[in-house]
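Written below as structure tokens is the structure these notes are about.
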Amino acid sequence: MDHQGYDFDSHEKAFAVIPKIGGVLSIIGSLLILRDVFLKFKKHKTIPLTTKIMTLITVANLALGFWENFLSTWMVPKDSNAFLAWGNVTTC
């Protein structure tokens, strides 16, 4: 892929794509955990403290997986010569 005359090697492409794959897997796992907690709460109308803690950790992981891993290079300004960079100074 050519980005303003800059050719990306396979390492730069891998460093941009692999975190997105891990981010998607993390988001899916977090959503499945939250679904499980919701179903348990719906069935029993109460959940133990350990499940509440796990829920908070899962919500934090969901946000981190989305903002840090999945969106990673997409938020970087276009003119930075980073692979898959589509953002601007504000999004960076």
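Numbering of residues begins at 1 and proceeds along the displayed sequence.
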key: Minimum heavy-atom distance K78-W86, with the two atoms named   = CE-O, 3.6 Å

ask   = Can you name the closest pair of heavy atoms from S30 and N61 and give their distance?
value = OG-ND2, 3.0 Å

ask   = Cluster question for you: counting only ILVMFWY and a side-chain heavy-atom cut-off of under 4.5 Å, with indirect links fine, are L71 and I28 together?
value = yes

remark   = All heavy atoms of T73 vs all of K20, minimum pair found to be OG1-NZ, 3.1 Å

task = Would you list the pairs meeting side chain to side chain donor-acceptor pair (under 3.5 Å) in which at least one residue belongs to residues 50-59, sequence neighbours left out?
result = none

query = If every non-hydrogen atom of S72 is compared with every non-hydrogen atom of P19, which pair is closest and at what distance?
reply = OG-CB, 4.4 Å

message = Restricting to salt bridge (Lys or Arg N to Asp or Glu O under 4.0 Å), what partner residues turn up for K40, sequence neighbours left out?
response = D36

inquiry  = Within a 6.0 Å radius of atom CE on M54, are there more than 12 heavy atoms belonging to other residues, nucleotides or ligands?
reply    = no

message = Do L64 and L32 land in one hydrophobic cluster if side-chain heavy atoms of ILVMFWY residues count as linked below 4.5 Å?
response = no

query = Same cluster or not: are F66 and I33 linked, directly or through other Ile, Leu, Val, Met, Phe, Trp or Tyr residues, by side-chain heavy atoms under 4.5 angstrom apart?
reply = no

inquiry  = Can you tell me how the ring of F70 sits relative to the ring of W74, calling it parallel under 30°, perpendicular over 60° and tilted otherwise?
reply    = perpendicular

request  = Could you state whether I57 and F41 fall into the same hydrophobic cluster, counting links through intermediate Ile, Leu, Val, Met, Phe, Trp or Tyr residues with side-chain heavy atoms under 4.5 angstrom apart?
outcome  = no

Hphob cluster co-occupancy, I18 + V76, side-chain heavy atoms under 4.5 angstrom = no

